[in-house]
Amino acid sequence: MKRPYNLTFSEDFSAINDPRKKVSFPIRNAKEMHWQSARNLISEQTFDGRYAYLYYYEYWISEAMDLPVEIIMPDLHLIYPLLNEVHISGKRIDQEFTFELSPAEGAYFYLAAGQYQLRLPVGHHILVGFVVDAGMFRPPAIAHFAFIKHLVQAKKEGSLTTLKSIGFRIGPITIKYLCILFGILNPNTLNNEHILLKHLIFLVDLSRFKLLHTDSAQPIAKQIRQLLEIMILQRGAQALIKEIAQVFLTAPEQLSREYQKFHGLSIQDDRNKLLLEHIQQLIVEHDKVGTTAHEVGFSGPSEMNRFIKKMTGLTSSQFKQQAEQKFNP
């Protein structure tokens with residue numbers, strides 16, 4: 001995916017190779033650029049993927065400034081302000097559109113082609129963004145993302161009007177999974193594009209459970225089940241109930257009670273059931289049990305074997321044989 005924007009720096013900025021500050025969240029295999037003026041420093045990290053373009057900007061601002069940004073290709077953007085303690089504002093120069101990026105609050109944008117300006121106040125700021133393929137949001141999946149449906153439609157129609165979604169919370173869970181992605185990007189491996197897309201889909205899914213304003217009539221226990229399924233597919237054995245509780249701003253004990261009351265079984269039992277089903281689907285795809293164990297998030301074959309034995313009474317090899325008979329009779 002091509003870079004859809006250009007930055008314009010004033011004459012007092014110069015490109016440098018050895019910045020006086022190190023980025024807070026290094027991105028493996030990203031391209032780096034750095035610029036500084038007498039008072040300010042800006043670092044850029046970018047990763048150009050086939051299905052997504054990842055960008056990261058860290059600003060050390062001692063004197064408030066405006067940064068011109070030219071959007072050359074209209075696109076859907078997912079933007080996270082990280083560690084910011086103050087609002088970052090912006091506007092479109094050639095259209096009546098202004099926005100604020102609040103601390104710990106992400107948002108989606110449809111950025112139409114045009115001239116923009118980012119207002120950077122004094123302080124230390126980080127903006128992380130993804131250019132997202134709007135084609136991801138096809139029916140019926142788009143039903144889960146009603147809060148950005150108008151942005152997706154604008155992209156598909158090539159609208160000239162810039163739009164912004166309602167915000168969603170950014171907390172330790174979001175930052176954790178961003179950092180996991182930053183640490184595994186590797187263009188030298190054939191499955192890199194799959195890894196990038198898989199993690200981006202997870203982050204997009206996660207955002208819909210953290211909306212600041214929602215009129216969803218769906219029971220909270222149903223939403224918890226949906227996130228549990230997503231976490232199992234993404235993290236497998238490393239999917240943690242306490243993280244799901246954090247997303248829903250509740251204590252794990254309270255979450256478990258709500259789940260048991262609605263679904264008639266404990267969230268831990270359901271988690272293990274979903275994990276076993278996930279293993280069953282993957283184990284037939286690999287010749288070696290160890291490959292499945294790694295992909296499903298276990299520390300190794302022994303840990304997965306203990307889990308399968310506890311759940312079914314079978315060894316991993318026996319479970320694999322049983323799964324092969326089920327899916328390939």
Side-chain angles (χ1 to χ4, degrees), residues 1 4 49-55 71 73-82 97 99-102 104-112 127-171 173-178 180-181 193-235 239 243-250 274:
M1 189 177 283
R50 181 177 179 183
Y51 302 110
Y53 186 87
L54 166 62
Y55 54 88
I71 300 296
M73 290 185 291
D75 265 307
L76 184 64
H77 292 245
L78 167 57
I79 298 179
Y80 300 91
L82 304 184
F97 177 80
F99 64 89
E100 278 194 343
L101 294 169
S102 303
E105 182 181 320
Y108 290 81
F109 289 79
Y110 168 68
L111 296 178
L127 292 181
V128 176
F130 293 89
V131 180
V132 180
D133 182 359
M136 290 168 52
F137 301 96
R138 298 186 180 93
I142 188 63
H144 295 301
F145 298 92
F147 68 105
I148 60 169
K149 189 174 182 179
H150 59 305
L151 279 68
V152 173
Q153 190 63 33
K155 164 61 180 173
K156 291 180 178 178
E157 294 173 353
S159 173
L160 302 178
T161 303
T162 297
L163 301 168
K164 177 179 180 288
S165 75
I166 61 173
F168 58 86
R169 291 178 287 108
I170 301 172
I173 302 300
T174 301
I175 295 173
K176 171 184 174 179
Y177 286 104
L178 281 170
I180 289 172
L181 174 60
E193 298 300 335
H194 165 73
I195 290 171
L196 175 57
L197 182 60
K198 178 183 176 183
H199 279 74
L200 175 57
I201 290 172
F202 173 72
L203 288 165
V204 167
D205 265 321
L206 185 61
S207 69
R208 69 183 171 95
F209 293 101
K210 305 183 79 172
L211 295 178
L212 294 169
H213 308 287
T214 178
D215 56 358
S216 175
Q218 194 175 56
I220 189 70
K222 276 194 173 183
Q223 296 180 52
I224 293 168
R225 180 53 152 73
Q226 290 177 7
L227 182 55
L228 177 61
E229 291 175 340
I230 292 166
M231 292 284 284
I232 291 294
L233 290 175
Q234 176 69 18
R235 299 293 289 162
E243 290 189 349
I244 296 175
Q246 282 182 275
V247 170
F248 288 97
L249 300 177
T250 187
L274 289 169

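Computation of the quantities below employed the complete heavy-atom set of this structure, encompassing side-chain atoms and omitting hydrogens, waters and symmetry-equivalent molecules. Bear in mind that the values here come from a model prediction, so they are computed numbers and not experimental data. Position 1 is the first residue of the sequence; numbering continues from there.
In this structure, the side chain of Arg225 does not engage the main chain of Ile220 through any donor-acceptor pair within 3.5 Å. A distance-only check finds no donor-acceptor pair linking the side chain of Lys210 to the backbone of Ile170 [under 3.5 Å]. Although no hydrogens or angles enter the test, the distance criterion places a donor-acceptor pair under 3.5 Å between the side chain of Glu193 and the main chain of Arg50. Judged purely by atom type and a 3.5 angstrom limit, Ser165 uses its side chain to pair as donor or acceptor with the backbone of Tyr108. A donor-acceptor distance shorter than 3.5 angstrom exists from the side chain of Gln223 to the backbone of Gln218, with no hydrogens or angles considered.
For Lys222, the NZ atom sits in a loose shell: 12 or fewer heavy atoms of surrounding residues, nucleotides or ligands are nearer than 6.0 Å. Applying the 6.0 Å contact sphere to NZ of Lys176 captures more than 12 heavy atoms from other residues, nucleotides or ligands. In this structure, Leu160 places its CG atom where only 12 or fewer heavy-atom neighbours from other residues, nucleotides or ligands lie under 6.0 Å away.
Residue Leu101 holds its CG atom at 6.0 Å from CG of Leu127, rounded to the nearest 0.5 Å. The CD1 atom of Ile142 lies 5.5 Å from the CD1 atom of Ile148; values are rounded to the nearest 0.5 Å. A distance of 8.0 Å separates CD1 in Ile224 from CD1 in Ile244, rounded to the nearest 0.5 Å. The line from CD1 of Ile173 to CD of Glu243 is 4.0 Å long, rounded to the nearest 0.5 Å. Of the inter-residue distances, the one linking Phe202 atom CZ with Ile230 atom CD1 reads 8.0 Å to the nearest 0.5 angstrom. Distance check: Leu111 CG to Ile71 CD1 gives 5.0 Å after rounding to the nearest 0.5 Å.
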**OP:** Any chance you could lay out the side chain to side chain contact (heavy atoms under 4.5 Å, CB included) test for Ile166 and Leu212, step after step, and finish with the verdict?
**Re:** CA-CA 7 Å; Ile166 61 173; Leu212 294 169; over 6 Å; no

**OP:** Before giving the answer on side chain to side chain contact (heavy atoms under 4.5 Å, CB included), spell out for Leu151 and Phe145 the whole-Å C-alpha distance, their side-chain angles and the decisive distance to 0.1 Å.
**Re:** CA-CA 10 Å; Leu151 279 68; Phe145 298 92; over 6 Å; no

**OP:** Apply the test side chain to side chain contact (heavy atoms under 4.5 Å, CB included) to residues Arg169 and Leu249: give CA-CA distance (whole Å), side-chain angles for both, the deciding distance (0.1 Å), then the verdict.
**Re:** CA-CA 11 Å; Arg169 291 178 287 108; Leu249 300 177; 3.5 Å; yes

**OP:** List the steps and the verdict of side chain to side chain contact (heavy atoms under 4.5 Å, CB included) for Glu105 and Glu100.
**Re:** CA-CA 10 Å; Glu105 182 181 320; Glu100 278 194 343; over 6 Å; no

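Contact record, Ala112 with Ser159: CB-O, 3.7 Å, taken as the closest heavy-atom pair. Closest approach of His77 and Pro4 over heavy atoms only: CE1-CG, 4.2 Å. Contact detail for Val152 and Ala134: the closest heavy-atom pair is CG1-O, 3.9 Å. Summarising the geometry of Ala52 relative to Leu196, their closest heavy-atom pair is O-CD2, 4.0 Å, with the distance given to 0.1 Å. Scanning both residues, Pro81 and Gly106, for their nearest heavy atoms gives CD-CA, 3.9 Å.
Side chains of Leu163 and Phe109 form no contact here, defined as non-hydrogen atoms less than 4.5 Å apart. Under the 4.5 Å side-chain criterion, counting only non-hydrogen atoms from C-beta, Met231 is in contact with Leu227. Side-chain contact check for Tyr55 versus Val128: every heavy-atom pair is 4.5 Å or farther apart. Contact annotation: the side chain of Leu76 never approaches that of Phe130 to less than 4.5 Å [non-hydrogen atoms, C-beta and beyond]. Residues Asp133 and Asp75 form no side-chain contact, since every pair of their non-hydrogen atoms from C-beta on lies 4.5 Å or further apart. In this structure the side chain of Leu274 reaches within 4.5 angstrom of the side chain of Leu228, judged on heavy atoms. Residues Leu206 and Val247 have side chains in contact (heavy-atom distance under 4.5 Å, counting atoms from C-beta outward).
Applying side-chain hydrogen bond (donor to acceptor under 3.5 Å, both in side chains) to Gln153 and the options Glu157, Lys149, Lys156 leaves one that passes, Glu157.
At a cut-off of 3.5 Å, with distance as the only test, no side-chain donor of Tyr110 or Thr161 sits close to an acceptor on the other residue.
Residues passing the ring-ring contact (aromatic ring centres under 6.0 Å, His included) test with Tyr51: none are found, sequence neighbours excluded. By the side-chain hydrogen bond (donor to acceptor under 3.5 Å, both in side chains) test, Thr250 pairs with no residue at all, sequence neighbours left out. Checked against ring-ring contact (aromatic ring centres under 6.0 Å, His included), Tyr80 has the following partners two or more places apart in sequence or in another chain: Phe168. Under the rule for a side-chain hydrogen bond (donor to acceptor under 3.5 Å, both in side chains), the partners of Tyr53 that lie at least two apart in sequence or sit in another chain are Arg3. For Arg208, the side-chain hydrogen bond (donor to acceptor under 3.5 Å, both in side chains) partners two or more places apart in sequence, or in a different chain, are Asp205, Gln226. Residues meeting the side-chain hydrogen bond (donor to acceptor under 3.5 Å, both in side chains) test with Gln246, sequence neighbours left out: none.
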